[in-house]
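What follows is one structure encoded as C-alpha cells, with my remarks underneath.
By convention here, the first residue in the shown sequence is residue 1. Remember, predicted model here, so these are calculated numbers, not experimental data.
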Amino acid sequence: MRIEDAAAIRELPLFRNVEQGVFARLIDAGFLQRFPPGVVLIQESDRADFLHVVVEGTAELFAGTGGRETTIELVRPVGLFILAAVLRDQVYLQSARTLERSLILMLPAESVRATLEADPAFMRAVVMELAGDYRRTIRDLKNLKLRNGAERLANWLIRAELEQGATGAVEIPVEKRTLAARLGMTPENLSRAFATLTEYGVRTKGARVEFTDRLALLAYAKPDPLVDLPD
C-alpha cells in the first residue's frame, strides 16, 4: 500500500486514534485492489466477510426486492461500508458496486472484530461511527417522508452546488437514473421534478445544471439544518 493511501485511511475518524501497532496489523491483514466500473463488490444476503474502504473512486450501495432496485447511498473517498454487518457478523442488507474505476481496501471482518476487542480507542470510534450512521439515516428518512420529489431535488442541488464551489452550477457526478434512485424517485419523476424547478431558475444542459435565480430556488427548497446539514 502506498504511504499516502495508508495515511488517508489513518485519518478516518474510525482509525485516527487506534494504537499504531494495532492499526498496522489491521492494515497488513487487508487487501488493496483496483476495480473497473460496474463491479459488484458485495451482495445483499451474503455474510459480511470484509469492511470495505473506498480509497479512490465511488461505490454505490443499492438494494432490491420484488423486481425493483434503488440506490441507498454513494460512498466516496475516504469512506467505508458496511460496518454494522461486519460487527454483528451477519449478512449485508445492501449490495455495493463501483460506479467508476475505484481503489478499494478490504479489511477482513474477523480482523476488524479483533481490533475492536484489542483497542479501546477503536471501540469508541466504532460507537461514534454507528451513531453517525443512525443520524444520517434519520435525516434521509425525514427528507423522503416530509418532502415531495421536486423539493428533494432542489435541496440536493443546493448542497451539491456548495460542495462544488458555489459557482452557480452543478455537474451531476452520476447517471440521472442513479440520482433519481438516491432521491427516492423514478427517472420519469426526476424529469418532472427538473421541469418543476425551471420556474425557480434551474436550467439543465445534460449533466450540467445552472442556477439563474438562487433566491427563488432557496425559497422553494426551504433547506432545514435538521435534514440537510451534516453533524
How far apart are the closest heavy atoms of Arg214 and Ala166, and which atoms are they? NH2-O, 4.4 Å
Can you tell me how far CZ of Phe81 sits from CD of Gln94, rounded to the nearest 0.5 angstrom? 9.5 Å
Under 4.5 Å between side-chain heavy atoms, hopping through other hydrophobics if needed: is there a path connecting Val126 to Val75? no
Using side-chain heavy atoms (C-beta onward) and a distance below 4.5 Å, is Pro187 in contact with Arg177? yes
Above 12 or not: heavy atoms from other molecules or residues under 6.0 Å from CD of Glu110? no
In Å, rounded to the nearest 0.5 Å, how long is the span from CG of Leu153 to CG of Asn189? 11.5 Å
Taking all non-hydrogen atoms of both residues, which atom of Val54 and which atom of Ala59 are closest, and how far apart? CG2-CB, 4.0 Å
side-chain hydrogen bond (donor to acceptor under 3.5 Å, both in side chains) against Thr71, all qualifying residues, sequence neighbours excluded: Glu60
Given side-chain contact (heavy atoms from CB on, under 4.5 Å), test Lys176 with Leu190 step by step and report yes or no. CA-CA 8 Å; Lys176 285 186 178 178; Leu190 180 67; 4.0 Å; yes
Count I, L, V, M, F, W, Y as connected when their side-chain heavy atoms are under 4.5 Å apart, and connections chain through other members. Are Val174 and Ile104 then in the same cluster? no
If you group Ile, Leu, Val, Met, Phe, Trp and Tyr by side-chain heavy-atom gaps below 4.5 Å, do Phe35 and Leu74 land in one group? no
d(Glu199 CD, Asp213 CG) to nearest 0.5 Å is 11.0 Å
Do Glu210 and Arg208 sit within salt-bridge range, that is, some charged N less than 4.0 Å from a carboxylate O? yes
About how many Å separate CG of Leu146 and NZ of Lys222, when rounded to the nearest 0.5 Å? 13.5 Å
Let's go through Val22 and Leu26 carefully: what are the C-alpha distance in whole Å and the side-chain angles of both, what is the deciding distance for side-chain contact (heavy atoms from CB on, under 4.5 Å) to 0.1 Å, and is it a yes or a no? CA-CA 6 Å; Val22 175; Leu26 177 61; 5.7 Å; no
For Tyr92 against Ala85, the heavy-atom pair lying closest together: CD2-CB, 4.0 Å
Nearest atoms (heavy-atom pairs only) where Gly57 meets Pro77: O-CD, 3.0 Å
Which word best sums up how the rings of Phe122 and Phe15 line up, parallel for under 30°, tilted for 30 to 60°, or perpendicular for over 60°? parallel
Check this for me: does any side-chain nitrogen of one of Arg147 and Asp228 sit under 4.0 Å from a carboxylate oxygen of the other? yes
According to a hydrophobic-cluster definition based on side-chain heavy atoms being under 4.5 Å apart (Ile, Leu, Val, Met, Phe, Trp, Tyr only), do Val55 and Phe23 belong together? yes
Quick check: are there more than 12 heavy atoms from other residues, nucleotides or ligands sitting under 6.0 Å from CZ of Arg135? no
Tell me, do Val209 and Arg203 make a side-chain contact under 4.5 Å, heavy atoms counted? no
Could you check if a side-chain atom of Leu99 sits within less than 4.5 angstrom of a side-chain atom of Pro37, using non-hydrogen atoms only? no
Just by modelled atom types, is the Ala221 backbone N or O under 3.5 Å from a matching donor or acceptor in the Asn155 side chain? yes
Should Asp140 and Arg182 be marked as a salt bridge (charged side-chain N to carboxylate O under 4.0 Å, His left out) after you check the CA-CA gap, both sets of side-chain angles, and the distance that decides it? CA-CA 10 Å; Asp140 277 349; Arg182 179 67 184 92; 3.2 Å; yes
Using a 6.0 Å cut-off, check whether atom CD1 of Ile138 has over 12 heavy atoms from anything other than its own residue. yes
Can you check whether Leu103's main-chain N or O pairs, donor with acceptor, with Gln33's side chain at less than 3.5 Å? no
Do the side chain of Ser102 and the main chain of Thr98 share a donor and acceptor less than 3.5 angstrom apart? no
Polar side-chain atom of Gln90 near backbone of Arg47 as donor-acceptor pair, under 3.5 Å: no
Leu141 and Asn143, any side-chain heavy atoms less than 4.5 Å apart: no
Heavy-atom neighbours of Arg101 CZ exceed 12 at 6.0 Å: no
What are the two closest heavy atoms between Leu83 and Glu129, and how far apart are they? CD2-CG, 3.6 Å
Please report the C-alpha distance between Asp46 and Val91 in whole Å, then the side-chain angles of each, then the deciding distance to 0.1 Å, and finally whether the side-chain contact (heavy atoms from CB on, under 4.5 Å) criterion is met. CA-CA 5 Å; Asp46 286 350; Val91 300; over 6 Å; no
State, yes or no, whether a side-chain contact exists between Val39 and Arg97 at a heavy-atom distance under 4.5 Å. no
Would you check if Thr70 and Phe62 make a side-chain contact, meaning some heavy-atom pair closer than 4.5 Å? no
Rounded distance (nearest 0.5 Å) linking atom CG of Leu107 with atom CG of Asp49: 13.0 Å
Can you check whether Pro225's main-chain N or O pairs, donor with acceptor, with Arg139's side chain at less than 3.5 Å? yes
Does some side-chain heavy atom of Arg152 sit less than 4.5 Å from a side-chain heavy atom of Leu144? yes
With a 4.5 Å limit on heavy-atom distance, are the side chains of Asp89 and Arg113 in contact? yes
Hey, mind stepping through Glu151 and Tyr220 against side-chain contact (heavy atoms from CB on, under 4.5 Å) and telling me if it holds? CA-CA 7 Å; Glu151 290 167 342; Tyr220 174 78; 3.7 Å; yes
Heavy-atom closest pair (Ile158 atom, Phe211 atom, distance to 0.1 Å) is N-CZ, 4.4 Å
Using a 6.0 Å cut-off, check whether atom CE of Met123 has over 12 heavy atoms from anything other than its own residue. yes
To the nearest 0.5 angstrom, please state how far the OG atom of Ser95 sits from the CD atom of Glu69. 7.5 Å
Joint cluster assignment, Leu105 & Leu87, ILVMFWY side-chain distance < 4.5 Å: yes
Asn17 side-chain N/O to Ala125 backbone N/O, donor-acceptor pair under 3.5 Å: no
CZ (Arg88) with more than 12 external heavy atoms under 6.0 Å: no
